[in-house]
Amino acid sequence: MVILILNMPNTLPQTLTSLLDWEQLWQHTQQKRGGMAVWRLPKSDKRYFLVDSTGGEKLGSLDLETFPAGFLVAPFIGLPYFLKAETLLEESIVQEEVVGSSLLKPLHNVEENEEKHQHFTHWVSESINEIQSGHFQKVVLSRTDEVEFPGDFSTLKAFGQLCQAYPNAFVCALYIPELGSTWLCATPETLVEQNAQGIFRTIALAGTQSAIDPLGEIILPQNARWSQKEIEEQAYVCRYIIECFKKIRLREYQEIGPKTILAGNLLHLKTEFTVDTQALNFSQLPGILLSLLHPTSAVCGTPKEEAIAWIAKAEKHARELYSGYLGPVNLGDEIHLFVNLRTVKVDQSEGKCRATYFAGCGITEDSDPEKEWQETVMKCQTLQRVLEN
Ligand SMILES: C=C(O[C@H]1C=CC=C(C(=O)O)[C@@H]1O)C(=O)O
């Protein structure tokens, strides 16, 4: 294991560095009301543990290039939090067999799900009516799925299982004392990325189908077939990104796609946009584009303001960190921010543990309410099939 200690303040207990067991470090930091994030980048064999003993701070601006090394977390709507990398541990991941978690059998409430089903399909139908009346063109509606577990929950064990199950995803566990809950995600969607050579990257990700056919066989990305609905749904996200580029007169970008990608149990359409910020001498680009892009049409809709207003009316729950963004910034001159999708919020008290899964889907004129509901079921399963196994 490599231990990197950055900007270590005098107040940080020495014991932290001797807590080489990540599980112990997680519990210790939580007790001391510190903020922390554990993550593994897509296709990487390294995991990181960052601790900010102050609990993190709420930011007013997004001048990314002026930030110290740390971890950024933003809700769907609202100001981001920043966790400074006071302590940063790096460790190689050993490939382990995926085994069942220590969790006991969940208590799934079927009746509650039927009520949610009715509510969700009703609002998808209402959204289609609004689109047909010309009030907006696309909206992303989401819902939650709550499950209670009798017993303890090991965040780091769940994190390890998600890393094993989803090598292509950004896998993360996060705790910010002010928010109170623990969040876990295994997301396929990059929002803003910049490598040490100054290559900026963002993607338009939308359109969903199961990666398993009715006979139980895996559908290879090259064999996927997409309908007009999904092609159009993803094209809205591409157009939105290009509109953001136009706002800052950015013409020098490369566009590749759409291509089909495999994300866990699902297939999506993805278009990739890259910009050489060194060639353009434009080091502020990631911060500027971050404030323009979020929330994109992949999690919100088109036009943005109308979609935000409709989401506030149609959704029963607060999205909180779901469909916000999160990731490490300015570690080794790199930025890796992802949209917080395929995510679960975990609350523990009095020997009980409550998991709230979040999932949404893009609705267009051609949507079918029942299919959209099924899509949210599949998206919730991305985490449920690992955590509740
Ligand atoms: C909003 C979510 O997914 C987005 C990303 C990929 C595909 C999507 C879709 O097909 O609707 C969504 O735009 C979610 O997973 O909760």
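One-based numbering, in listed order, for ligands and for the atoms of each. Quick note: numbers below take in every heavy atom, side chains included, and nothing from hydrogens, waters or symmetry partners.
Every N/O-N/O distance between Lys138 and ligand 1 stays at or above 3.5 Å. Taking only nitrogen or oxygen atoms, main chain and side chain alike, Glu375 reaches within less than 3.5 Å of ligand 1. The distance criterion of under 3.5 Å between nitrogen or oxygen atoms is met by Gly360 with respect to ligand 1. The distance criterion of under 3.5 Å between nitrogen or oxygen atoms is not met by Ala206 with respect to ligand 1. Annotation: Val299 places no N or O atom under 3.5 Å from an N or O atom of ligand 1; distance criterion only. Note: an N/O pair closer than 3.5 Å links Tyr322 and ligand 1 by distance alone.
Taking a cut-off of under 4.0 Å to the non-hydrogen atoms of His268, the atoms of ligand 1 that pass are 6 (C), 7 (C). Applying the 4.0 Å criterion to heavy atoms of Thr208 picks out, from ligand 1, the atoms 7 (C), 8 (C), 9 (C), 10 (O). Short contacts between ligand 1 and Ala359, defined as distances under 4.0 Å to a heavy atom of the residue, involve ligand atoms 16 (O). Atom numbering of ligand 1 starts at 1 in the shown order; those under 4.0 Å from a heavy atom of Glu233 are 9 (C), 10 (O), 11 (O). Those atoms of ligand 1 that come under 4.0 Å of a heavy atom in Arg342, given as number and element, are 3 (O), 5 (C), 6 (C), 14 (C), 15 (O). Atoms of ligand 1 found under 4.0 Å from any heavy atom of Cys361, numbered from 1 in the order shown, are 11 (O).
Atom 12 (C) of ligand 1 has Ala298 O, 3.3 Å as its closest protein atom, hydrogens excluded (heavy atom only). Looking at atom 8 (C) of ligand 1, its nearest protein heavy atom turns out to be Lys379 NZ, 3.2 Å.
Separating the OH atom in Tyr253 from the CZ atom in Phe245 is a distance of 7.0 Å, to the nearest 0.5 Å. Note: Asp21 CG to Gln27 CD = 8.5 Å, rounded to the nearest 0.5 Å.
Contact of the Glu334 side chain with the Pro328 side chain is not registered, since no non-hydrogen atoms from C-beta on lie closer than 4.5 Å. Taking the side chain as every heavy atom from C-beta outward, Trp183 and Cys172 never approach each other to under 4.5 Å.
Ring geometry for Trp123 versus His119: interplanar angle of 30 to 60°, hence tilted.
Side-chain atoms of Trp26 and Ser154 include no donor-acceptor pair closer than 3.5 Å.
Both tests do not hold together for Arg319 against Tyr322: distance to the six-membered ring centre under 6.0 Å, angle to the ring axis within 45°. With a 6.0 Å cutoff to the six-membered ring centre and a 45° limit on the axis angle, Arg47 counts as a cation-pi contact of Trp22.
Only side-chain heavy atoms of Glu189 come within less than 4.0 Å of ligand 1; its backbone N, CA, C and O stay farther off.
Screening Tyr325, Tyr81, Trp39 against Phe71 for a ring-ring contact (aromatic ring centres under 6.0 Å, His included) leaves a single residue, Trp39.
Hydrophobic clustering of Ile, Leu, Val, Met, Phe, Trp and Tyr side chains at less than 4.5 Å, counting indirect connections, unites Tyr175 with Leu156.
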